[in-house]
Every structure is written in structure tokens, then in C-alpha cells.
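Accompanying notes for the structure given below.
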Amino acid sequence: MFAPTPRPEVQDLRISRIREVANAGMGRDDILAFWFGEGDQATPGFIRQAASDALLAGRTYYTHNLGRPELREALSRYLAGLHGAPIGADRIAVTSAGVSALMLAAQLVLSPGERTVVVGPIWPNVVEIPKILSGAVEVVPVEAGQGGWRLDMDRLMSALTPGTRALILNSPNNPTGWTLPAEARAAILERCRRYGIWLICDDVYERLTFDRPSAPSFLPLATPEDRVIGVNSFSKAWRMTGWRLGWMACPPALMEGLGVLIEYNTSCAPDFVQEGARVAVEQGEPVVAELRAELAAARDQVVGALRSLPGVEAPMPDGGLYAFFRLEGCTDSLALCKDLIAQVGLGLAPGVAFGPEGEGWLRWCFAARPEKNAAGLERLAAYLGSR
């Protein structure tokens with residue numbers, strides 16, 4: 001008799017260590033949680049109202065596999081305004097969440113056994129998605145130094161061999177906040193062109209930068225014939241994490257196959273949710289600007305306080321929602337996070353959740369009100385003082 005088990009690739013998937021920490025705090029109402037990657041404010045009212053009006057109007061039917069034309073056209077205008085990237089609506093697909101867009105991108109271009117290079121430490125989904133498709137993954141780590149994070153470009157280039165099928169770049173990066181310098185784009189794109197490597201750009205945090213309106217993008221450098229796929233989401237910049245809506249910008253030659261893949265994954269994104277997203281894109285720039293200002297202040301608050309604590313190393317993130325820091329002597333971030341919950345009710349994400357490259361580090365999502373961040377910092381200081 002055959003055992004009812006999933007295939008080996010699924011059994012080997014990394015278990016969410018963030019969820020394991022969160023489960024350790026379940027049932028306690030005194031936890032200050034900074035473990036998940038979302039803020040503590042709801043989606044702005046005008047976005048919710050647009051989706052609500054569409055729902056009450058009966059927009060509950062299937063839409064085009066690639067998304068409503070109005071939203072795809074709005075995204076085309078948005079990308080042109082943000083990056084100067086002339087990407088027509090016919091090259092844009094709306095997806096049921098940014099993570100679904102990552103999975104679709106991998107399904108489009110990866111075959112079993114093919115090799116993907118990823119810059120890490122990284123959100124675990126990015127590493128595990130190629131493995132679900134029976135692929136191999138090599139992680140090139142960023143390094144902490146001189147107060148921030150840097151990528152060894154020579155090491156990355158050495159990893160991009162003729163046998164590499166795809167490179168996945170998340171910039172700004174979750175969890176470190178590392179952001180690819182603009183001057184590094186041309187060399188990476190040329191290397192990918194030379195060896196026929198697909199460049200999958202995870203741009204979910206591109207608007208969450210502290211010194212510019214957006215992180216550098218590959219989209220304005222790429223031609224329609226380049227193997228470049230841009231993946232994005234409404235979750236972060238517009239405070240829409242629970243809406244589960246994303247999008248992709250692709251070469252024209254992929255669009256027919258992408259529509260078929262969406263049909264076999266989710267069929268389409270919900271109509272009324274797409275209406276909320278259209279309004280977010282067309283009217284939401286003040287929301288994005290406000291969020292960026294809040295995050296810049298929160299970064300300075302949290303990283304500044306962390307750096308004042310004894311035995312704490314806290315590189316400055318260039319963008320994103322997170323402080324990625326480590327305590328002197330920490331070798332088991334999961335155990336440390338569980339102890340922080342037990343001792344002082346502080347909920348952080350263990351660095352090991354983002355791969356072995358993140359072991360010994362902790363992630364703090366600082367997308368919270370200043371008073372909540374301050375209370376969490378007090379608890380961390382108390383914990384360190386009792387060690």
C-alpha cells in the first residue's frame with residue numbers, strides 16, 4: 001500500500017519559521033508583534049470605497065485572464081511616469097497576489113533541473129518556488145559592512161554561468177533593505193543577455209525607499225526582446241496586503257502563454273478588487289508619499305535605538321519595511337525569538353527564516369506607529385539588560 005504523502009519536492013520545502021514564532025505567541029494578548037511584513041494601518045478609505053462600490057454594483061463575475069483593460073492601462077501609465085518605461089498594457093498581466101506573480105514567472109521559464117541564482121538572505125518563497133518546480137537554487141549573499149549592506153558584484157557575476165536559467169533579484173530586499181545600486185544594472189543585464197538568463201525582478205518594495213521616489217528599475221533599460229520580467233504587488237506601497245493582488249510586466253512573446261498559465265492557476269483576479277487597485281494606482285501617490293515619510297522616520301527611530309544598545313549590530317537599510325540586526329553571540333535566531341516572546345512579549349522574525357545566510361540575525365518590521373516601536377524597543381532593552 002502506498003503512503004498518502006506529497007511528492008519529495010513538497011516535503012522538502014522550508015517550513016515557515018516566522019509562523020513557528022507567531023504560533024509560540026498565540027493566546028497572549030500582551031505580545032508586541034513585529035514579525036509579519038505589513039503595517040498597522042488599514043488600506044486608505046478611498047481605495048476601500050472603490051472596491052466596495054464595485055462589489056455592491058455586482059462586479060462579481062470572471063474577468064479577462066490578464067486583468068481588466070482599465071487596470072492594465074493604468075499600470076502602463078504608472079510605469080511610464082515612474083520609470084520612463086514604455087511598457088504597453090498588452091505587456092502587463094494582473095495576478096492574484098505578488099507571490100502568485102513570482103510563481104507564474106517561474107512556471108513560464110523554468111524547467112525541472114534548471115538552475116536559478118537568488119540574491120539573499122531572502123523571503124523564503126523566492127528560494128522555494130524554483131524548488132517546487134524541481135529546480136536548483138544558488139544563493140549569493142549580501143554582506144553587512146560600513147553601516148549598510150553591499151553585494152559582491154564579482155561573486156554574483158561568477159554565479160551567472162552559461163548553465164544558469166534565471167536570476168531573481170528582490171530590491172529593495174526583504175529582509176535586509178539592501179537596494180541594488182543604479183550603476184550595477186547595466187552589467188547584470190548584459191551578463192543575462194550574454195548567457196540567455198531570465199532576469200526576474202521582484203519589485204514589491206520599489207516605492208519604499210528613503211532617498212528617492214523609487215528604487216532603480218531594470219524596466220527602462222530592457223527592450224521588448226530582453227528576458228526581463230518585472231513582478232510587483234499592491235500590498236506594500238498602498239497598504240493592501242490582504243487584498244492579494246499583483247502584476248507582471250513581461251516581454252510580448254510571453255503574454256499568450258502567461259494568459260493560459262493564469263487560467264490554470266486562478267483563472268483571473270476578482271473584478272471588484274481590481275477596481276480598488278485601479279483607484280490606488282491613479283489616485284494613490286499622496287498615500288505612497290505619506291507612507292514613505294512614515295517609514296523613513298520609523299527606520300531612523302528603530303535603527304537608531306538598536307545601534308545604541310550594547311552588543312547590537314544594525315546595518316542601515318536603503319529601503320523596505322525592516323531592520324535586520326543581530327545580537328552579539330546569537331547563533332540560534334529561532335530560539336532567541338521564542339525566548340523574547342517568553343521573557344518580554346516581543347515578537348520578531350528569526351533570521352534563519354530567510355535562509356542559512358540570515359542565521360544569527362533578527363528582522364523587525366518597523367511599519368508601525370512610533371509609540372508601538374518605542375514600546376518594543378523598551379522591551380528589547382529590558383531583555384538585554386537581564387541577560
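Position 1 is the first residue of the sequence, and the numbers go up from there. Just so it is clear, the model here is predicted, and its values are computed rather than measured.
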query = With a 4.5 Å heavy-atom cut-off, do Arg68 and Val94 have their side chains touching?
reply =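 Counting from C-beta outward, Arg68 and Val94 never come under 4.5 Å.
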query = Quick one: are Val288 and Trp238 in side-chain contact, heavy atoms under 4.5 Å?
reply =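 Val288 reaches Trp238 side chain to side chain.
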message = Between Ser386 and Gln343, do the side chains contain a donor N or O and an acceptor N or O under 3.5 Å apart?
response =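 No - no donor-acceptor pair under 3.5 Å links their side chains.
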Suppose the criterion is salt bridge (charged side-chain N to carboxylate O under 4.0 Å, His left out): which pairs have a residue in [range], not counting sequence neighbours?
range            : answer
residues 174-187 : none
residues 34-57   : Asp40-Arg369
residues 332-341 : Glu20-Lys338

task = Please identify each residue that fulfils side chain to side chain donor-acceptor pair (under 3.5 Å) with Ser333, with sequence neighbours left out.
result =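 Result, side chain to side chain donor-acceptor pair (under 3.5 Å) vs Ser333: Glu359.
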Side chain to side chain donor-acceptor pair (under 3.5 Å) against Thr43, all qualifying residues, sequence neighbours excluded =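 Thr43 satisfies side chain to side chain donor-acceptor pair (under 3.5 Å) with Trp243 only.
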task = Applying side chain to side chain contact (heavy atoms under 4.5 Å, CB included), name anything that partners Leu108, two or more places apart in sequence or on another chain.
result =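 With sequence neighbours excluded, Leu108 shows a side chain to side chain contact (heavy atoms under 4.5 Å, CB included) to Met248, Leu254, Leu258, Leu261, given in chain and number order.
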message = Can you list everything that forms a side chain to side chain contact (heavy atoms under 4.5 Å, CB included) with Ala74? Sequence neighbours excluded, please.
response =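 Per chain and number, Ala74 pairs via side chain to side chain contact (heavy atoms under 4.5 Å, CB included) with Arg77, Arg278, Val281, Glu282.
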Summary of side chain to side chain donor-acceptor pair (under 3.5 Å) pairs that have at least one residue in residues 79-104, sequence neighbours excluded =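 The answer is His83-Glu206.
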ask   = Which residue pairs satisfy the side chain to side chain donor-acceptor pair (under 3.5 Å) criterion with at least one member in residues 293-314, sequence neighbours excluded?
value =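 As it turns out, the side chain to side chain donor-acceptor pair (under 3.5 Å) pairs with a partner in residues 293-314, which skip direct neighbours, are Arg239-Glu294, Glu313-Arg326.
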ask   = With Val117, which of Leu169, Ile168, Thr164 fulfils side-chain contact (heavy atoms from CB on, under 4.5 Å)?
value =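 It is Thr164, the one option of Leu169, Ile168, Thr164 that forms the side-chain contact (heavy atoms from CB on, under 4.5 Å) with Val117.
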Common cluster, Leu156/Val137, ILVMFWY with side-chain heavy-atom separation under 4.5 Å =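 Not linked; separate clusters.
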query = So which residues get pulled into Ile15's cluster when ILVMFWY side chains under 4.5 Å apart are joined, directly or through others?
reply =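 Grouped by the 4.5 Å side-chain rule, Ile15 forms a cluster of one, so the answer is none.
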query = Other than Val303, which residues form its hydrophobic cluster under the rule that side-chain heavy atoms must be closer than 4.5 Å?
reply =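 Via sub-4.5 Å side-chain contacts, Val303 links to Met316.
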ask   = How far apart are the C-alpha atoms of Arg193 and Glu225, what are their side-chain angles, what is the distance that settles it, and do they pass the salt bridge (charged side-chain N to carboxylate O under 4.0 Å, His left out) test?
value = CA-CA 10 Å; Arg193 285 169 172 164; Glu225 291 73 39; over 6 Å; no
request  = Check the pair Tyr322 / Phe354 against ring pair (Phe, Tyr, Trp, His ring centres under 6.0 Å), numbers first and verdict last.
outcome  = CA-CA 13 Å; Tyr322 314 107; Phe354 307 94; 7.6 Å; no
message = Just to verify, what does Arg150 make a salt bridge (charged side-chain N to carboxylate O under 4.0 Å, His left out) with, not counting sequence neighbours?
response =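 Here the qualifying residues are Glu143.
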request  = If the plane angle is over 60° it's perpendicular, under 30° parallel, otherwise tilted; pick one for Trp361 and Trp149.
outcome  =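 Rings of Trp361 and Trp149: tilted, 30 to 60°.
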